[in-house]
Amino acid sequence: MLSGTASPKTGGTELKRIVFDEETIARRVRELGQEITTRYSDGELLVLGLLKGSFIFLSDLVRRIDRPLQVDFLVAASYGAETVSSGNVRLLYDPETELAGKHILLVEDIVDTGRTLNRLVSLLKERGPRSLEICALLHKHIAEHLALEPAFIGFDAPKAFLVGYGLDHAQNFRHLPYIASLT
Ligand code: PRP
């Protein structure tokens with residue numbers, strides 16, 4: 001018998017607790033879309049989603065931004081099947097879109113140790129963007145040094161291992177419509 005957060009989607013796994021439910025996420029994503037729309041009053045905006053974790057957040061977010069924009073992706077990976085960051089950030093896909101002269105908004109699902117962002121920020125700055133900002137759905141505020149603090153933050157996140165709404169553990173749970181803690 002399934003109870004609590006256990007469901008067919010989790011394969012019967014009982015998650016510890018739902019941290020942000022669907023309605024709370026949708027409300028905050030709407031607000032972030034408005035903040036971003038207001039911030040970028042001119043110029044070309046390229047929304048750069050960091051895969052795979054940002055895919056759901058990015059698709060909801062761009063539909064809430066009321067100005068012209070382009071979308072492309074970066075693929076980086078830092079975790080294996082562990083629940084702690086390995087710190088070994090690998091870039092697996094580089095955006096094909098020209099970055100020079102554009103406002104780049106890097107969309108990230110979660111800032112944990114900050115290693116992924118620090119690596120990407122220096123890489124993106126070398127491409128000569130007009131501006132570079134980060135929009136992170138979740139921020140744990142545990143990074144010792146961040147090359148660039150996110151200008152847009154969805155939620156301050158607890159220090160638990162979070163899954164759902166794009167976030168995974170060993171590639172599972174990304175399709176949960178809410179964010180839950182696994183540990
Ligand atoms: C996760 C997450 C962030 C990053 C955060 O990505 O999506 O991109 O780690 O951790 P950090 O701040 O400690 O660097 P992951 O490498 O697991 O790949 P994924 O997006 O494909 O899940």
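We count ligands from 1, going down the list as the structure has it; atoms in each ligand are counted the same way.
Only the side chain of Asp109 comes within contact range of ligand 1, with a heavy atom under 4.0 Å; no backbone atom does. At a 4.0 Å heavy-atom cut-off, ligand 1 touches Asp168 through the side chain alone.
Taking the six-membered ring for Trp and the full ring otherwise, the centers of Tyr178 and Phe20 sit at least 6.0 Å from each other.
Exactly one residue among Arg28, Arg64, Arg30 makes a salt bridge (charged side-chain N to carboxylate O under 4.0 Å, His left out) with Glu35. That residue is Arg28. Of the candidates Asp156, Asp112, Asp109, Lys140 forms a salt bridge (charged side-chain N to carboxylate O under 4.0 Å, His left out) with just one, namely Asp112.
In this structure, Arg174 counts as a contact residue of ligand 1, since one of its heavy atoms falls inside 4.0 Å of the ligand.
Some N or O of Gly114 is nearer than 3.5 Å to an N or O of ligand 1, by distance alone. Residue-to-ligand polar distances place Gly53 within reach of ligand 1: an N/O pair is separated by less than 3.5 Å.
Per-residue contacts place Thr113 under 4.0 angstrom from the following atoms of ligand 1 (heavy atoms of the residue considered): 11 (P), 12 (O), 13 (O), 14 (O). Of all atoms in ligand 1, numbered sequentially from 1 with element shown, those under 4.0 Å from a heavy atom of Thr116 are 4 (C), 10 (O), 11 (P), 14 (O). Those atoms of ligand 1 with a heavy atom of Leu50 less than 4.0 angstrom away are 8 (O).
With salt bridges taken as basic N to acidic carboxylate O contacts below 4.0 Å, none links Arg67 and Asp42.
The ring-ring contact (aromatic ring centres under 6.0 Å, His included) analysis of residues 28-64, with sequence neighbours excluded, yields the pairs Tyr40-His103.
Side chain of Glu108 to main chain of Ile134: no donor-acceptor pair is present (N/O by atom type, distance under 3.5 Å, no hydrogens or angles).
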